[in-house]
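Down below is the structure, laid out as structure tokens.
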Amino acid sequence: MESSNLSICFFFCCIFLISGLIVEAQDSPHHHHHRREKEETDDNGFRPAKLFVFGDSYADTGNVRKSLANSWKEPYGTTFPGKPAGRFSDGRVLTDYIAKFLGLKSPVAYRWMKLFGGKKVRNGVNFAYGGSGVFDTLANVLPNMTTQIDFLETLINESVYTTFDLHSSVVLVSLAGNDYGAYLATGGTIQGLPSFIPLVINQLSINLKRLQKMGATKVIVTALEPLGCLPRFTELSSYQQCNATRNLATYFHNLLLQQTVAKLNNDTNSSTFFILDLYNSFNTVLEQKGNPQGDLKFETPLKPCCMGISSEYFCGSVDEKGVKMYTVCSDPKSAFFWDSSHPTEAGWHAVYATLKSSLGQLFQFS
């Protein structure tokens, strides 16, 4: 495989997120029960009209070009929708489950808005691009989060959407760790991460402030999942244990994120920003080898369902003759991870199950 293709695969595979409950940054005791006049008038709490999504492959539902991503190749999408459709999984991803909880259809991928004539899409828009970060991760091929927000601002300036649309909607921001993958791939070191992580969090903070200024009143931000538990890092232990060094970096990222979100809410005297704690939800599911309800079981949770037949290949890889250079487990529902970095649909379902009650507390409805 050519080095350029290896680099592309690296960024799409090197994805990082976090745990199991929604944490509202505590800035004042009354914020949890705060009600806005227009969107939160009924007794059941906030009822969002749309979902706008920014971020990476944990949230992307089809934005990355087919020529760049394995997500458009078999066996991706075999569980849902039954064929490759741009999701980095065998089926549904985080965006789909958040939309389901909010009572919305999953928002259309921005890249496909032209199919609707560039007109307003009822359920919102997904601007997330797999492999992207707050900074550029793969030259100018993937729009970073600032550019993704630019896309929404353009739609507002063109009157496709209004500030009120954003005010009455939920914004999901997924930052799963591609900035760190890019940093390490371009000469950065593990020892240098403590100096780089604050730069990532600072840029994320700038993006969050901008979304609020544009009219967003409910912004869910993902914490980082335990990076050291991704199969790409557990492979060395035959998928038996997580990498403690990577998880320590994750902890530092999440600590800074928590402080930043608390400060944003304090500075604006609001409860706009919330942290979706994927770190604990991932850990809960991995430790229990299933979801709390017990209807999903993952016997070897750190081992991916789909993997290349050797280190030079990835899930979805084929050789020059079109021969498959990967293997797939017999039942994706029995695996938490789909490939070296991303959960299966069953994995995301288990994570969602641990998040659901906290989401209900956040939005005050069930």
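Residues take their numbers from the sequence shown, with the count starting at 1. These numbers were taken from a predicted model, which means no experiment stands behind them.
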Quick check: do [X] and [Y] have side-chain heavy atoms less than 4.5 Å from each other?
X: Leu94; Y: Leu276; value: yes
X: Phe196; Y: Asp179; value: yes
X: Leu172; Y: Leu51; value: yes
X: Tyr183; Y: Val200; value: no
X: Met145; Y: Leu175; value: yes
X: Pro75; Y: Trp338; value: yes
X: Tyr97; Y: Glu345; value: yes
X: Val53; Y: Ser174; value: no

Using only atom types and a distance under 3.5 Å, with no angle test, would you say the side chain of [X] pairs donor to acceptor with the backbone of [Y]?
X: Ser106; Y: Ala99; result: no
X: Asn123; Y: Leu104; result: no
X: Ser57; Y: Asp60; result: no
X: Thr250; Y: Pro226; result: no
X: Ser132; Y: Gly55; result: yes
X: Asn144; Y: Thr147; result: yes
X: Asp165; Y: Ser169; result: no
X: Ser168; Y: Ala49; result: no
X: Ser317; Y: Met325; result: no
X: Gln191; Y: Thr189; result: no

>> Determine whether Tyr58 and Trp348 satisfy the following criterion, ring pair (Phe, Tyr, Trp, His ring centres under 6.0 Å), listing intermediate values before the conclusion.
In response: CA-CA 10 Å; Tyr58 273 20; Trp348 277 122; 5.1 Å; yes

Quick one: [atom1] on [X] to [atom2] on [Y], what's the gap to the nearest 0.5 Å?
X: Ser89; Y: Asp339; atom1: OG; atom2: CG; answer: 8.0 Å
X: Leu230; Y: Leu302; atom1: CG; atom2: CG; answer: 9.5 Å
X: Thr78; Y: Asp90; atom1: OG1; atom2: CG; answer: 5.0 Å
X: Lys213; Y: Leu166; atom1: NZ; atom2: CG; answer: 14.0 Å
X: His342; Y: Cys305; atom1: NE2; atom2: SG; answer: 14.5 Å
X: Asn243; Y: Leu227; atom1: CG; atom2: CG; answer: 9.5 Å

Do [X] and [Y] sit in the same hydrophobic cluster, where Ile, Leu, Val, Met, Phe, Trp and Tyr count as joined when their side-chain heavy atoms come under 4.5 Å apart?
X: Leu199; Y: Val173; value: yes
X: Val261; Y: Phe252; value: yes
X: Tyr251; Y: Leu204; value: no
X: Trp112; Y: Phe88; value: yes
X: Ile190; Y: Leu248; value: no

> Given the rule in the ring pair (Phe, Tyr, Trp, His ring centres under 6.0 Å) test, do Phe282 and Phe336 qualify, once you have shown the distances and angles that lead to the verdict?
Replying inline: CA-CA 9 Å; Phe282 269 55; Phe336 178 77; 5.4 Å; yes

> Is Arg210 salt-bridged to Asp150, cutoff N-O under 4.0 Å?
Replying inline: yes

> Under 4.0 Å between a Lys/Arg side-chain N and an Asp/Glu carboxylate O for Asp319 and Lys321?
Replying inline: no

Search all heavy atoms of [X] against all heavy atoms of [Y] and return the closest pair with its distance.
X: Ala59; Y: Thr95; value: O-OG1, 2.7 Å
X: Asp56; Y: Gly177; value: OD2-N, 4.4 Å
X: Cys229; Y: Asn247; value: SG-ND2, 3.7 Å
X: Leu155; Y: Phe127; value: CD1-CZ, 3.9 Å
X: Val318; Y: Lys324; value: CG1-CA, 4.1 Å
X: Pro304; Y: Tyr239; value: CD-CE2, 3.6 Å

>> Just to verify, which of Lys218, Gln212, Lys209 counts as forming a side chain to side chain donor-acceptor pair (under 3.5 Å) with Thr272?
In response: Gln212

> So Cys306 and Cys315, disulfide (SG to SG under 2.5 Å) or not? Walk me through it.
Replying inline: CA-CA 5 Å; Cys306 182; Cys315 179; 2.0 Å; yes

> Do other residues, nucleotides or ligands put more than 12 heavy atoms under 6.0 Å from Phe135 CZ?
Replying inline: yes

> More than 12 heavy atoms of other residues, nucleotides or ligands under 6.0 Å from CD of Gln203: is that the case?
Replying inline: yes

> Knowing that exactly one of Lys83, Lys66, Arg87 qualifies, which makes a side chain to side chain contact (heavy atoms under 4.5 Å, CB included) with Trp72?
Replying inline: Lys66

> Step by step, would you call Val170 with Phe363 a side-chain contact (heavy atoms from CB on, under 4.5 Å)?
Replying inline: CA-CA 10 Å; Val170 169; Phe363 290 103; 3.6 Å; yes

> Hey, mind stepping through Gln293 and Asn291 against side chain to side chain donor-acceptor pair (under 3.5 Å) and telling me if it holds?
Replying inline: CA-CA 5 Å; Gln293 292 73 25; Asn291 63 344; 3.1 Å; yes

> Are Tyr129 and Tyr110 an aromatic pair by the rule of ring centers under 6.0 Å?
Replying inline: no

>> Please evaluate residues Met307 and Thr327 with respect to the criterion side-chain contact (heavy atoms from CB on, under 4.5 Å), reporting the C-alpha separation (whole Å), side-chain torsions for both, the decisive distance (0.1 Å), and the verdict.
In response: CA-CA 6 Å; Met307 65 183 90; Thr327 60; 3.8 Å; yes

> How far apart are the C-alpha atoms of Phe52 and Tyr161, what are their side-chain angles, what is the distance that settles it, and do they pass the ring pair (Phe, Tyr, Trp, His ring centres under 6.0 Å) test?
Replying inline: CA-CA 11 Å; Phe52 293 99; Tyr161 289 103; 5.2 Å; yes

> Does a side chain donor of either Thr61 or Asn126 reach within less than 3.5 Å of an acceptor in the other side chain?
Replying inline: yes

